[in-house]
Amino acid sequence: MHKHLLAAAIAFSCLSTAPAQQKFIDAKRIRYDGQCFVVKDKDTFIYSGAFHYFRCPQPLWADRFAKIKAAGFNTVETYIPWNYHEQTEPANVDDYSQVKLRECQEWIQMAIDRFGLNVIVRPGPYICSEWDSGGYPQWLMKYKPAGFKGNWLRSDDPTYLAWSRHWYRAVSRALERFQITRRPAGKPGVIMFQLENEYDYEGGSDETHIGQLKALMQQAWDGGIEVPFVTCWTKQIRGSTDSLLSMVMDSCNFYPRWDVDGTARSLTKLKTQQPNAPEMVMELQGGWFSENGGKLAEDQAGITAAQINNLTLFCIQNGVTALNYYMLFGGTNFGDRTPPNITTSYDYFAPIREDGGLGEKYRAVSAIGAMLKEYGPRLARSTPVEINATTNDPSVKVALRFDTTGARIFFIRNTSRTTAQAGEATIPGMSFHYDLPPFGSKILYVPKDMTDADKGTWLPKPVAELPEPPTAPTVRVTSAMRRYDDGGTHGRDAQLGVPVAAQGIWNSQYLTYTDTFNATADEGGALWIKSFENQPLLVRLNGTILPPAAGDSAKYFYPATGIKPKGNRLEILLENPGFANGGPMDAPRGLENVLLVPLIGKLQPGTMIPSGRQLKMSMAELQGEEERWFDHAPAGEVWQSVTLDGAETIQRKVSAGDAPKDGDTAKHLATWYSMELLLPTKSANEPTRRLLVDATGSGFIYLNGRQLGRFWQQGPQREYYLPESWLNYDGKDNRIAICLRPVNGVEALRAAEISPYPDRRKE
């Protein structure tokens, strides 16, 4: 049925060059106008937050949803990452056998049926999200046409569009039945479907962007999507006269930290360019991510409880009637899904913390949620009024909106981050007193017939204090079993110069390259080893770790003293630090060259690839990965017991300069540590727990056979969330395994413990 309506909408829009309004399949269920969304035939202020199911174990979803619902949200949003749901390459674009979307469907089902929340879905295909390859599967990269110039991903190249349609067809089929237009009357459902993501930042031509956007929208239509289409930071949508794109609305994303006032200009521009749609902020700052070598989110400036309150009320003051916090709950980048610069923790200092903990930011958004439950429809239909207000201090700003009853809604903001402000605001015919904390923001609601504004209602009203979280004793690990790893035993011929993605390896685990070779008398002065994108390498020759030659011009040379005429053993650990989540996301990974060359004299700047003998390498995972050392009890004499420090205080975060650099001189490519520990009997009010680690090196951490994430030498992260559903209680062992590669020639595990998280109310 909806395809016929689409044809009618296209015909209508072709009659005029003016921007058309979205044509709604079921306007009683979901529609919008230039003011707000109308859901189930009621004016609705969309109050939403991001919660990525792929960053949270499924048994914990209900806890996160309950906290979102309790805070007054009526909507929840998620990306849908292609590479998470189609991890194995299909046979062709018409093969959907490798698409596994059940987890996404179950998350949506829980949101709408158990918790009564509407849902915004954002299936990309590009999602950014500080997520591996921006959501693109690595197997896709092999289909890039030879000779294609520029960024193939996010383009309108026919081959790329064919695969994007493949993904959209699968997603649309999976989501079709959850749309609010297909649900029983009065029930929530999926209310928006986003095309692409922050396309303005990609660069490229309007023609290219329009080509992809139209292809995506058409496929979504063909797949049964009937709810409104949205974009964010995609200028080609605003004011479009195209028959398809004129039925899409664009939105803004804001991460201003303290510069809240700077958002007003973008909102004015959005309304001017898109008068037939409400002002929406698809991503309103809920915090910020943390980077390796930088600061954890909780230590960054401008993402406090005061800031999120100030920013939200300022957006409402400027006409926003639909907003979505990014993130409302951050979660964790489990496994190897992080890009090169991103921490395993995606805590984001969001209102709901990585472990589900709650603090002042949660109280702030809960207070706004309670306000919107009562006043949301009135705010959604309110209109701005120009006023000339005077206050006791220029840092206090006053704005006014009227709702449809004639009530006055005053917005009072303190722009000073350091000084509280109290005094009197005066406008012609009225005055009222205010009391604002540093960077405080409030609303004063004054009904139409009320002449004394000081008798009005101050909003948002404070919410109750949060309860004290449960606690439990710390469990210290005092010993571990250690085993060295110099490469896998089930290798295959490596295709040097060919990216590993084209060889069927799509993850970011360590790879080992090995060869046994003989050398003639005039060979063997050095090894020339070049990786794609200058991926970090660790080289071991005949049992000795080789330092690279000094100087940037010679960074690919490894002086190779001690080469024997026969039986030389070369082992190389290749680190894939992850795939970028933006820009060129198809950068190759793997080894380009491994040459045995003579080293004559001193290397000169600008040294080119030398002539030499190409070694024939075998490629494999680490032996510990092949044999799952992270998942079973150590056995055999190759495992050695080591004592860990049981007394030192383990830091939960370190700066890059202060990260410990001492340890054992490296003789192996990697070292595995395996630890066993018991937790007390599980209680009804169980605290959330974390792993604290003091170590030198970089690598991966595992809990009971599941990969928690990556450990980076430079920090800042030394604290790892242990999901309650992954832990064992009641006398059953928990196994923690850590695989470390040396950094600057040393590695060590010094200390580890499991302890409850600190009281999030105090952070």
Side-chain angles (χ1 to χ4, degrees), residues 34-37 43-48 251-272 277-286 305-325 364-365 367-372 374-391 393-417 421 425-427 430 432 434-446 453 456-461:
Q35 195 83 17
C36 67
F37 278 86
D43 292 341
T44 302
F45 193 109
I46 303 297
Y47 193 47
S48 177
S251 60
C252 296
N253 293 349
F254 291 140
Y255 296 92
R257 296 188 186 257
W258 298 120
D259 184 23
V260 169
D261 291 81
T263 63
R265 183 170 58 255
S266 293
L267 289 172
T268 299
K269 187 176 181 180
L270 176 67
K271 175 52 67 178
T272 300
E279 292 178 57
M280 178 172 182
V281 182
M282 182 60 78
E283 295 183 17
L284 190 65
Q285 184 159 45
Q307 186 263 1
I308 202 170
N309 174 73
N310 196 309
L311 174 61
T312 305
L313 297 189
F314 187 68
C315 284
I316 298 173
Q317 170 190 317
N318 282 277
V320 170
T321 60
L323 64 87
N324 176 66
Y325 292 117
V365 299
I368 294 171
M371 175 188 75
L372 291 175
E374 183 174 357
Y375 294 91
R378 306 181 206 184
L379 288 165
R381 287 293 175 192
S382 66
T383 54
V385 178
E386 291 290 335
I387 59 169
N388 184 17
T390 59
T391 62
D393 191 280
S395 61
V396 176
K397 311 293 183 184
V398 180
L400 174 63
R401 298 181 73 89
F402 275 90
D403 71 13
T404 54
T405 70
R408 290 145 293 183
I409 308 171
F410 291 99
F411 293 79
I412 306 94
R413 301 173 56 244
N414 180 7
T415 60
S416 171
R417 305 199 306 266
Q421 297 289 346
T426 302
I427 63 172
M430 183 169 288
F432 57 84
Y434 59 83
D435 188 357
L436 300 171
F439 215 62
S441 181
K442 295 181 181 179
I443 290 175
L444 177 61
Y445 187 85
V446 182
T457 302
W458 283 100
L459 304 168
K461 298 176 182 178

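All of these numbers come straight from a predicted model, not from anything done at the bench.
Within the 3.5 Å criterion, the main-chain N or O of A277 finds a donor-acceptor partner in the side chain of K271. Using a distance-only test at 3.5 Å, with no hydrogens or angles considered, no donor-acceptor pair links the side chain of N318 to the main chain of A264. Formation of a donor-acceptor pair under 3.5 Å by the S395 side chain with backbone atoms of N414 is not found in this model. Of the possible donor and acceptor atoms, one in the side chain of T263 sits under 3.5 Å from a partner among the backbone N and O of V260. Q307 places no side-chain N or O within donor-acceptor distance of the main-chain N or O of W258, the cut-off being under 3.5 Å.
Rounded to the nearest 0.5 angstrom, S382 OG and L400 CG are separated by 9.5 Å. Within the model, atoms CD1 of I316 and CD1 of I409 stand 10.0 Å from one another, a figure rounded to the nearest 0.5 Å. How far CG of L284 is from CG of N324: 8.5 Å, rounded to the nearest 0.5 Å. The CZ atom of R408 lies 8.0 Å from the CD1 atom of I427; values are rounded to the nearest 0.5 Å. Here the NZ-CD distance, from K397 to Q317, works out to 11.0 Å after rounding to the nearest 0.5 Å. In this structure, CZ in F254 is found 8.5 Å from CG in L311, a value given to the nearest 0.5 Å.
Relative ring orientation between Y325 and Y47 is described as perpendicular, the plane-to-plane angle rising above 60° on a 0-90° scale split at 30° and 60°.
Residues passing the salt bridge (charged side-chain N to carboxylate O under 4.0 Å, His left out) test with R381 are D33, D43, sequence neighbours excluded. Applying the side chain to side chain donor-acceptor pair (under 3.5 Å) criterion to T44, with sequence neighbours excluded, gives no partner residue.
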| query | Hey, mind stepping through F432 and I412 against side chain to side chain contact (heavy atoms under 4.5 Å, CB included) and telling me if it holds? | reply | CA-CA 11 Å; F432 57 84; I412 306 94; 3.7 Å; yes

| message | For a side chain to side chain contact (heavy atoms under 4.5 Å, CB included) check, start with the C-alpha distance between Y375 and D403, then their side-chain angles and the critical distance, and finish with the verdict. | response | CA-CA 10 Å; Y375 294 91; D403 71 13; over 6 Å; no

| query | Which is it for L436 and K442 under the side chain to side chain contact (heavy atoms under 4.5 Å, CB included) test, yes or no, and what are the steps along the way? | reply | CA-CA 8 Å; L436 300 171; K442 295 181 181 179; 3.8 Å; yes

| Y255 and Q285: CA distance, side-chain angles, deciding distance, side chain to side chain contact (heavy atoms under 4.5 Å, CB included) verdict | CA-CA 5 Å; Y255 296 92; Q285 184 159 45; 3.8 Å; yes

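S441 and N310 share no donor-acceptor pair across their side chains, judged by distance under 3.5 Å alone. In this structure, a donor-acceptor pair under 3.5 Å is absent between the side chains of Q421 and Y434.
The two residues V396 and T391 have their closest heavy-atom pair at O-OG1, 3.2 Å. Taking both residues in full, the closest heavy atoms of S251 and M282 are given as OG-CB, 3.3 Å, listed atom of the first, atom of the second, then distance. The two atoms that bring F402 and V385 nearest to each other are CD1-CG2, 2.9 Å, heavy atoms only. Nearest heavy atoms, P377 versus L372: CD-O, 4.1 Å. Nearest heavy atoms, S266 versus C252: O-SG, 4.1 Å. Minimum heavy-atom separation, L267 to E279: CB-OE1, 3.5 Å.
Between R401 and P384 there is a side-chain heavy-atom pair separated by less than 4.5 Å. You'll find the side chain of E374 stays beyond 4.5 Å of the side chain of L459, heavy atoms only. By the 4.5 Å heavy-atom criterion applied to side chains, M430 and F410 are counted as neighbours. A 4.5 Å side-chain heavy-atom check between F314 and D261 finds at least one atom pair inside the cut-off.
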